[in-house]
Every structure is written in structure tokens, then in C-alpha cells.
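Here's the structure we're looking at; comments come further down.
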Number of protein chains: 2
Amino acid sequence: MAVTDVADPFDMSLTAVSKHLTILTKAGLIQQEKRGRVKWCKLDPTALQEASLWMQSFGQFEAVDLDGFESFLADQGLLGQDSLTDAAD
Amino acid sequence: MAVTDVADPFDMSLTAVSKHLTILTKAGLIQQEKRGRVKWCKLDPTALQEASLWMQSFGQFEAVDLDGFESFLADQGLLGQDSLTDAAD
DNA sequence: TAATTCGTCAACCAAATGGTTAAATATAGA
DNA sequence: TCTATATTTAACCATTTGGTTGACGAATTA
């Protein structure tokens with residue numbers, strides 16, 4: 001799907017959509033390939049698998065395992081400043 | 001876990017943590033119960049299951065099924081303004 | 001060759017986010 | 001009863017986000 005095709009259904013400028021697509025590309029959620037003047041965008045269907053797995057485990061681990069998981073995420077470069085993974089009780 | 005316990009490991013004010021916990025409560029990710037002057041916070045381990053399922057399906061559906069899924073999310077009140085669920089190619 | 005299309009860049013602006021401090025309120029402890 | 005603790009509220013501020021318009025360059029079309 002071309003950038004203009006992606007933009008078409010949205011009530012906002014092509015510039016804004018282009019910016020969003022740049023972010024999605026950097027995040028690894030889509031891939032972009034330029035052919036001539038058109039940039040073709042392709043969703044990466046596996047991009048959210050790791051996040052999905054993490055969400056499934058959300059709240060399931062013992063506290064000590066959360067620390068291990070945080071280390072894992074840090075190693076993967078996936079740990080943001082605002083992650084708040086405290087398990088209560 | 002009490003609010004002050006949650007705040008303890010973070011290098012930021014108790015006020016900021018309290019604000020975050022309010023957001024997490026509204027999002028349904030944690031539950032808060034006040035006993036005396038202490039507010040006890042508890043993670044809801046199932047809170048991210050729906051999001052996890054959606055992420056697993058990310059990019060897997062035919063286009064027409066994406067529309068159906070969007071309808072489902074809208075019915076669930078889970079559809080944000082910034083969702084961009086285009087499948088390329 | 002000129003016009004059009006595609007997409008990005010630069011510059012700008014409003015709104016939202018994410019934090020702070022000081023003050024206030026409610027509850028517990030001395 | 002007074003002090004301390006827990007938490008929130010109000011007000012504020014800096015940064016980030018999310019959008020715009022106009023201009024530009026590359027590629028395509030007429």
C-alpha cells in the first residue's frame with residue numbers, strides 16, 4: 001500500500017501520515033520500499049509477537065522473575081523509561 | 001502494595017507516581033483499595049489479555065476481517081483515535 | 001518539455017504529557 | 001491532643017506530541 005493510499009481514509013495531511021509511517025518504520029511495525037516516486041508500505045505481521053507474549057505474562061510472574069524479565073527487556077532494548085511493572089500484594 | 005511502596009524505587013515525586021497510578025486504575029490495569037490512610041494497589045493480571053490477543057492477530061486478518069475487528073473494538077470501547085491498522089500489499 | 005503526482009522537509013503552533021513544589025486532607029501513632 | 005504519615009489537590013512549567021502550511025525535489029505522465 002502506497003503512502004497516499006494509507007493517508008486516504010484519514011482526515012489529516014499527507015505530511016502527518018508520512019510522519020506517522022516514519023515512526024512505525026522505526027518501530028519495526030511496517031517496512032517501506034521505494035519504487036520510483038512511490039513508497040510501498042507493508043505491515044510486519046510478526047512485529048508485535050514479543051509484546052503480545054509479554055502482555056500474556058503480565059502479572060503472572062513471581063517478583064524475582066519480573067526482575068529477570070526486565071533484564072531480558074533491557075538486553076533487547078525494549079525497556080522504556082516509563083515502564084511500571086510492579087506486582088502488588 | 002501501598003502507593004509509597006510503589007513510588008519508592010523511582011526517582012520522582014510521590015505526586016507523580018500517584019498521578020500515574022490514577023491513570024493505571026482508570027485504564028483497568030490495577031485496582032486500588034483504601035484502608036485507613038493507605039491505598040493498596042493490586043495488579044490485574046488479566047487486564048492485558050484482550051490487547052495481547054489483538055497483537056497476536058496483528059496483520060493476520062484479511063482486510064474485511066479487520067473492519068469486523070474494528071467494529072468489535074469500537075463496541076468494547078477500546079478503539080482510540082490513533083489506531084492505524086492498515087495491512088499493506 | 002511542462003505539468004502533475006508523490007512524499008519529505010522546514011518552520012510553526014496548540015494540545016497533551018509528565019514532572020515539580022507547596023498546601024491541604026484524612027488517618028494513625030505517640 | 002499533637003505530631004507524623006499517606007495521599008491528593010492546585011498551580012505551575014518544560015518537553016513532547018501531533019498536527020498544519022508552504023516549499024522543495026524526484027519521478028511520472030501528458
Side-chain angles (χ1 to χ4, degrees), chain A residues 1-44 47-48 51 54-55 58-59 63 66 70 73-74 76-89, chain B residues 1-44 47-48 51 54-55 58-59 63 66 70 73-74 76-89:
Chain A
M1 185 171 262
V3 172
T4 44
D5 297 322
V6 176
D8 193 48
F10 298 98
D11 183 22
M12 65 202 240
S13 70
L14 180 57
T15 304
V17 172
S18 178
K19 284 180 173 177
H20 280 294
L21 292 174
T22 299
I23 295 167
L24 291 170
T25 300
K26 282 174 173 170
L29 297 179
I30 65 171
Q31 288 159 4
Q32 286 186 306
E33 177 192 3
K34 189 165 189 177
R35 286 186 250 136
R37 72 185 176 189
V38 175
K39 251 194 179 166
W40 295 97
C41 308
K42 185 174 183 179
L43 199 68
D44 182 353
L48 292 174
W54 183 86
M55 284 184 166
F58 183 76
L66 276 182
E70 277 190 18
L73 291 178
Q76 298 289 317
L78 299 174
L79 198 58
Q81 280 294 77
D82 49 11
S83 63
L84 193 59
T85 53
D86 292 88
D89 231 53
Chain B
M1 186 171 259
V3 172
T4 43
D5 297 324
V6 176
D8 193 48
F10 298 99
D11 184 24
M12 66 201 241
S13 71
L14 180 57
T15 302
V17 171
S18 177
K19 285 181 174 179
H20 280 296
L21 293 174
T22 299
I23 295 167
L24 291 170
T25 301
K26 284 176 174 171
L29 297 178
I30 65 171
Q31 287 158 5
Q32 287 186 307
E33 178 193 5
K34 190 165 189 179
R35 286 186 249 136
R37 69 189 177 190
V38 176
K39 252 200 181 160
W40 295 97
C41 308
K42 186 175 184 179
L43 199 70
D44 181 352
L48 291 174
W54 182 87
M55 284 183 167
F58 183 76
L66 275 182
E70 276 190 19
L73 291 178
Q76 297 289 317
L78 298 173
L79 200 56
Q81 280 294 76
D82 51 11
S83 63
L84 191 62
T85 52
D86 291 87
D89 232 56

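Lettering of chains follows the sequences in order, A, B, ..., and the numbering in each one begins at 1. Computation of the quantities below employed the complete heavy-atom set of this structure, encompassing side-chain atoms and omitting hydrogens, waters and symmetry-equivalent molecules.
If you measure from atom CG of A:D11 to atom P of D:dG19, you get 11 Å, rounded to the nearest angstrom. Taking atom CG of residue B:L21 and atom P of nucleotide D:dA6, one finds them 15 Å apart after rounding to whole Å. Atom CG in B:L14 sits roughly 18 Å away from atom P in C:dT25 (whole-Å rounding). As a whole-Å value, the separation of B:I23 CD1 from D:dT9 P is 13 Å. With rounding to whole Å, B:R37 atom CZ is found 11 Å from C:dT27 atom P. Atom CE of A:M12 and atom C1' of C:dG7 are 14 Å apart (whole Å). Counting to the nearest Å, the P atom of D:dT17 and the CG atom of A:L24 are 14 Å from each other. The nearest whole Å value for the distance from the CZ atom in B:F10 to the P atom in C:dT20 is 12 Å.
For B:T15, taking side-chain heavy atoms from C-beta onward, the closest of the listed nucleotides C:dG7, D:dT7, D:dT9 is D:dT9. Proximity note for A:A16 (side chain, C-beta onward) versus D:dT20, D:dA6, C:dG19: the nearest is D:dT20. When distances run from any side-chain atom of A:K39 to the nucleotides C:dG7, C:dT27, C:dC6, the shortest one goes to C:dG7.
Using a 4.0 Å heavy-atom cutoff across all strands shown, A:T22 reaches no nucleic acid atom at all. Using a 4.0 Å heavy-atom distance criterion, A:S13 is classed as a base contact.
Contact record, B:D44 with A:F58: O-CE2, 3.6 Å, taken as the closest heavy-atom pair. Scanning all heavy atoms of the two residues, the minimum distance from B:V3 to B:V17 falls at O-CG1, 4.4 Å. Residues B:A47 and B:G28 approach most closely at CB-O, 3.4 Å, considering heavy atoms.
Considering only heavy atoms from C-beta on, A:M1 stays 4.5 Å or farther from A:L43 through its side chain.
Residue A:H20 places at least one side-chain N or O under 4.0 Å from the OP1 or OP2 atom of D:dG19.
Between atom OG1 of residue A:T22 and atom CD of residue A:Q32 there is a gap of 6.0 Å, rounded to the nearest 0.5 Å.
Contact annotation: side chain of B:K19 to base of D:dT7, donor-acceptor pair absent below 3.5 Å.
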